[in-house]
Amino acid sequence: MTTSAGTDAKVEDIALEVFIQTLRLRYGYDFSGYARASLKRRVIELAHALALPNIGALLPRLLYDPDILDKVVTHLSVPVSELFRDPEVFARLREQVLPVLASWPRVNIWQAGCACGEEVYSLAIMLAEVGLNPRAQIYATDFNDHALERAAEGIFDARHLAAYDDNYRRAGGSAKLADYYHARYELVRMRRELLERVVFAHHNLVTDGVFAEAHLIMCRNVLIYFSQPLKDRVLQLFADSLVRGGFLVLGSKETLRFSALADRFEIVSERERIYRLKPEAA
Ligand SMILES: C[S@@+](CC[C@H](N)C(=O)[O-])C[C@H]1O[C@@H](n2cnc3c(N)ncnc32)[C@H](O)[C@@H]1O
């Protein structure tokens, strides 16, 4: 016997698939490779935010109101981050990866899924502190244009400063975090010179191709939203984008271990999710 709640859940699952197909056919945004449970939760939240009762009620809006696309992408993108998030990763980068990068004539860094830029400013600070900035170029990409605009502004909520300061110190910061921003009431604005070597660009990991000849790719807390086949596709994109011996950094809940690409990389630090493309695999 099917309960009415069970029936409703099944109908919502069907509506979700139609939503995904409509989004792809109408606007070219392809979410078909995203893990369903979290995607469904966010699409239901989107319906409720628009005062609609269910996913099915979103469909006519999606088809006939192009203005909704902006809201959909913004809502599905989850641009949550922090300065020096998971500071041990930055500490390990500083100790083990940057010295290798410093031995190369130039350093291209691709930060995929940069959200509102917290990771970009963290990296730029660290590169400046080790003297790598003049030779480095950071390409910071995301598919959420609003997040990219906010990243370029570099304005963050001052309420998080104590936590960010703690992260910075645990990441091995050699100055004071306050040296890198101007505080204005409840907001802080990151110093503009940190962006001298940064280019922000729209890039969709699902549909777009190789981005740059990268020496380091950071893509943290993005693959977590993807199904395993999509993770593998994106990891292939990263392998194709990296130079021989280039580094890949994933998020704390993401690993290469179960991926088809695992044997193309060597492990630099499994705990910090830092990997290196094997020279012969490039
Ligand atoms: C949780 S944030 C991670 C931010 C940062 N990397 C960090 O670890 O703190 C996830 C970001 O991935 C982006 N994203 C999700 N799917 C994407 C895709 N297909 N292409 C590009 N960016 C994507 C979202 O827009 C969001 O800004």
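Every value quoted in this text rests on a predicted model; they were computed, and no experiment measured them.
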Inset, instruction - May I ask you to check whether S241 and W110 show a side-chain donor-acceptor distance below 3.5 Å? - result: no
Inset, instruction - For atom CZ of R184, decide whether the heavy atoms of other residues, nucleotides or ligands shown that lie under 6.0 angstrom number more than 12. - result: no
Legend entry - Among F84, Y164, Y121, the one residue meeting ring-ring contact (aromatic ring centres under 6.0 Å, His included) with F90: F84
Legend entry - Residue pair E196, R191: steps toward the salt bridge (Lys or Arg N to Asp or Glu O under 4.0 Å) verdict: CA-CA 10 Å; E196 268 166 18; R191 297 186 81 95; over 6 Å; no
Inset, instruction - Answer yes if the side chains of Q96 and S269 hold a donor-acceptor pair under 3.5 Å, and no otherwise. - result: no
Legend entry - Y225 versus S38, closest heavy-atom pair with distance: CD2-OG, 4.2 Å
Inset, instruction - State, without any angle test, whether H202 and D208 hold a side-chain donor-acceptor pair at a distance under 3.5 Å. - result: no
Inset, instruction - Establish, from distance only, whether the side-chain atoms of E82 and N167 form a donor-acceptor pair under 3.5 Å. - result: yes
Inset, instruction - With sequence neighbours excluded, tell me which residues meet ring pair (Phe, Tyr, Trp, His ring centres under 6.0 Å) with Y34. - result: F31, F226
Legend entry - Residues D232 and Q236: side-chain donor-acceptor under 3.5 angstrom: no
Inset, instruction - For the pair E254 and R220, find out whether any cationic side-chain nitrogen is under 4.0 Å from an anionic carboxylate oxygen. - result: no
Legend entry - Same apolar cluster: I138 and V100, side chain cutoff 4.5 Å: yes
Inset, instruction - Determine, for E270 against R257, whether the closest basic-nitrogen to carboxylate-oxygen distance falls under 4.0 angstrom. - result: yes
Legend entry - Under-4.0 Å salt bridge between R94 and E129: yes
Inset, instruction - Decide, yes or no, whether a salt bridge links E17 with R36 under the criterion of side-chain N to carboxylate O below 4.0 Å. - result: yes
Inset, instruction - Group every Ile, Leu, Val, Met, Phe, Trp and Tyr by side-chain heavy-atom contacts under 4.5 Å, then state whether F238 and V210 land in the same group. - result: yes
Legend entry - Cationic N near anionic O, under 4.0 Å, E213 to R106: yes
